[in-house]
Amino acid sequence: MRLHRNLVYTTIDSLNAIFNEGEYADKVVARALKKDKRWGSSDRKFVAETIYEIVRWKRLYAEIAEVKEPFDRENLWRMFAVWAVLRGYPIPDWKQLEGTPERKIKGRFDELSKVRALKESIPDWMDELGVKELGEKVWATEIAAQNQPAKVILRTNTLKGTKENLRNTLMDLNIETEYLKDQPEALVLKERANVFLTDAFKQGLFEVQDANSQLVAGFLDVKPGMRIVDTCAGAGGKTLHIASLMENKGQLIAMDLYESKLKQLKLRAKRNGAFNIEYRIIDTTKVIKKLHEKADRVLIDAPCSGLGVLKRNPDAKWKLKPEFIDNIRKVQAEVLESYSKIVKPGGKLVYATCSVLPSENQEQVEKFLKTEIGKQFTFVKDRKILASESGFDGFYMALLERKNTVVSE
């Protein structure tokens with residue numbers, strides 16, 4: 001187990017892009033992995049995992065290394081040295097790592113780990129918010145779970161085959177998977193692999209989608225032949241799942257504020273063989289008004305803080321700001337009020353987020369049900385999923401039904 005100079009240099013360059021140039025970790029990692037065609041899978045694994053690890057533990061490592069932002073290259077090397085010591089790597093005799101104080105690093109780690117915000121490497125405001133909303137005990141276990149690396153979960157595209165066939169196809173490629181209890185389309189990778197390079201992916205046999213994210217479309221109670229509107233479709237992971245549950249029968253309208261995201265969804269839909277999707281950019285209020293009381297099912301996968309998906313987006317811990325969460329709560333209330341009008345009498349609505357904060361979840365639903373439009377709905381059920389309980393992403397989903405007697409505006 002030794003460190004290789006070219007891999008470590010790539011890691012340092014990547015951390016500089018994330019911490020100092022505001023780039024997103026997933027984009028930086030994707031670029032880093034293409035840097036050298038000679039790298040084997042273990043080299044690429046080292047680069048990807050090390051970048052994510054240091055991003056995840058940024059605050060703790062910076063405190064141990066006694067460096068402050070903005071980090072210059074010397075600071076980044078000091079943080080890398082902390083990572084290497086704590087991971088048990090022998091420190092090579094490179095100029096950048098000269099005088100690495102191994103005993104001091106281990107001592108400071110033990111000492112600083114007594115403070116939760118440092119131990120879990122999160123901003124103080126986030127720790128305070130988590131305690132306020134979930135309570136000390138629940139938040140402590142939840143944030144610890146959110147610091148575990150995310151597993152890779154596949155969702156079988158049932159428009160093109162069965163979960164069993166997909167598992168066998170991947171087995172032939174030496175990619176081993178396991179079934180997931182009570183998840184009809186999910187497969188969990190036993191070891192990380194770049195599944196996007198496989199023919200099975202290019203043929204649209206599966207999508208990569210977290211296990212708990214896969215529960216949302218099922219919660220919507222979708223049937224073939226319905227008219228369904230996904231109001232915040234984005235790049236369309238849940239849209240594609242809905243299309244497969246509809247068996248391509250009926251009308252699925254994918255809406256978003258951003259044309260670029262819908263273009264991505266179009267490409268994915270083509271690969272998936274999902275051809276019952278219509279695409280609409282929400283560029284005026286008319287787009288929503290035209291659909292009032294027209295849909296059997298409406299999904300509002302609302303914009304949120306993302307505090308349920310930190311394990312797969314660790315850089316969100318540093319990009320997120322408290323004022324963003326205050327603003328996003330207002331947006332959530334607005335989209336609920338506006339998009340709920342699309343549901344026809346007797347139809348159903350699912351409000352979902354990838355957050356674990358009650359103020360973005362059940363409290364939003366409770367407030368909505370007291371509004372003029374909200375009084376036309378009945379609460380059916382909801383589901384609060386913590387990463388600490390499920391091992392996957394934190395999610396919330398609420399199912400509401402519109403009463404049959406509706407007073408039109």
Side-chain angles (χ1 to χ4, degrees), residues 1-33 35-36 39-123 143-150 191-192 310-319:
M1 188 169 87
R2 67 191 184 90
L3 297 169
H4 297 275
R5 209 182 285 259
N6 61 340
L7 302 180
V8 177
Y9 277 31
T10 299
T11 301
I12 297 289
D13 289 342
S14 301
L15 293 171
N16 183 54
I18 296 163
F19 293 152
N20 297 329
E21 290 160 21
E23 292 194 54
Y24 285 93
D26 56 345
K27 303 276 190 302
V28 172
V29 168
R31 190 170 68 225
L33 296 183
K35 194 172 170 191
D36 194 329
W39 287 349
S41 59
S42 61
D43 297 328
R44 285 195 295 274
K45 186 178 180 214
F46 173 89
V47 168
E49 289 183 2
T50 309
I51 294 168
Y52 274 122
E53 282 276 293
I54 296 173
V55 170
R56 184 172 281 117
W57 303 107
K58 178 180 94 163
R59 183 177 182 190
L60 178 61
Y61 290 175
E63 292 274 352
I64 293 172
E66 298 175 309
V67 297
K68 284 190 163 51
E69 288 188 89
F71 305 125
D72 60 22
R73 290 189 82 79
E74 192 183 329
N75 293 159
L76 294 172
W77 276 102
R78 288 181 70 165
M79 288 167 72
F80 177 81
V82 170
W83 173 87
V85 168
L86 295 176
R87 288 286 170 277
Y89 279 87
I91 300 298
D93 57 352
W94 303 346
K95 183 172 148 290
Q96 297 93 333
L97 296 173
E98 266 173 18
T100 295
E102 297 189 40
R103 281 181 63 184
K104 186 181 176 186
I105 285 170
K106 288 172 185 169
R108 278 184 66 75
F109 173 77
D110 292 342
E111 178 197 333
L112 295 171
S113 292
K114 291 169 187 161
V115 180
R116 184 178 52 239
L118 293 175
K119 181 191 174 193
E120 302 300 351
S121 198
I122 50 174
I143 192 58
Q146 291 283 0
N147 272 324
Q148 299 303 310
E191 279 183 29
R192 290 188 86 82
L310 293 178
K311 58 167 62 190
R312 70 183 63 256
N313 298 318
D315 52 335
K317 294 198 282 188
W318 317 117
K319 289 185 165 58

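Computed over heavy atoms, backbone and side chain alike; hydrogens, waters and symmetry mates excluded. Remember, it's a predicted structure, so these values are computed and weren't measured experimentally.
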Atom of Lys317, atom of Pro123 and distance for their closest heavy-atom approach: O-CG, 3.4 Å
Which distance, rounded to the nearest 0.5 Å, do you find between the CG of Asp110 and the CD1 of Ile105? 12.0 Å
Exam field: side chain Arg59 to backbone Ile122, donor-acceptor pair closer than 3.5 Å: yes
Residue list, side chain to side chain contact (heavy atoms under 4.5 Å, CB included) with Pro90, at least two apart or on another chain: none
How long is the span from the CG atom in Leu86 to the CD1 atom in Ile64, to the nearest 0.5 Å? 5.0 Å
With sequence neighbours excluded, residues passing side chain to side chain contact (heavy atoms under 4.5 Å, CB included) with Ala32: Thr10, Ser14, Val47, Ile51
Evaluation steps, salt bridge (Lys or Arg N to Asp or Glu O under 4.0 Å), between Arg87 and Glu49: CA-CA 12 Å; Arg87 288 286 170 277; Glu49 289 183 2; over 6 Å; no
Between Ser121 and Trp318, which heavy-atom pair has the shortest distance, and what is it? O-CH2, 3.0 Å
Return a table of donor-acceptor pairs under 3.5 angstrom between the side chains of residues 72-85 and protein atoms on other chains or two or more places apart.
unit_1 : atom_1 : unit_2 : atom_2 : d
Asp72  : OD1    : Glu74  : N      : 3.2
Asp72  : OD1    : Asn75  : N      : 2.8
Asp72  : OD1    : Asn75  : ND2    : 3.4
Arg73  : NH1    : Asp13  : OD1    : 3.3
Arg73  : NH2    : Asp13  : OD1    : 2.6
Asn75  : OD1    : Asp72  : N      : 3.1
Arg78  : NE     : Ala65  : O      : 3.4
Arg78  : NH2    : Ala65  : O      : 2.9

Nearest atoms (heavy-atom pairs only) where Thr100 meets Leu97: OG1-O, 2.7 Å
Where do Pro92 and Leu3 come nearest, in terms of heavy atoms and distance? CD-CD1, 3.7 Å
Candidate pair Phe71 and Asn16, rule side chain to side chain contact (heavy atoms under 4.5 Å, CB included), full reasoning: CA-CA 8 Å; Phe71 305 125; Asn16 183 54; over 6 Å; no
With distance as the sole test, does Lys319 use its side chain to make a donor-acceptor pair with the main-chain N or O of Glu23 at under 3.5 Å? yes
How close do Ala150 and Arg192 get, heavy atom to heavy atom, and via which atoms? O-NH1, 2.8 Å
Modelled atom types, side-chain donor and acceptor of Gln96 and Tyr9, under 3.5 Å: yes
So for atom OH, which belongs to Tyr89, do other residues, nucleotides or ligands contribute more than 12 heavy atoms lying within a distance under 6.0 Å? yes
Going by atom types only, do Lys119 and Asn147 share a side-chain donor-acceptor pair under 3.5 Å? no
Closest contact, heavy atoms only, Ala25 versus Asp315: N-OD2, 2.8 Å
Does any non-hydrogen side-chain atom of Ile143 lie less than 4.5 Å from one of Leu310? yes
Assess whether side chain to side chain contact (heavy atoms under 4.5 Å, CB included) is satisfied between Asp26 and Tyr52, documenting all intermediate values. CA-CA 9 Å; Asp26 56 345; Tyr52 274 122; 3.5 Å; yes
Nearest 0.5 Å, what's the NZ-CG distance between Lys58 and Leu15? 10.5 Å
With the side chain counted from C-beta on, respond yes when Phe109 and Lys104 share a heavy-atom pair under 4.5 Å apart, and no when they do not. no
Which distance, rounded to the nearest 0.5 Å, do you find between the CG of Asp43 and the NZ of Lys35? 12.5 Å
Inspect the contact between Lys45 and Glu191 and indicate whether a charged nitrogen and a carboxylate oxygen are less than 4.0 angstrom apart. no
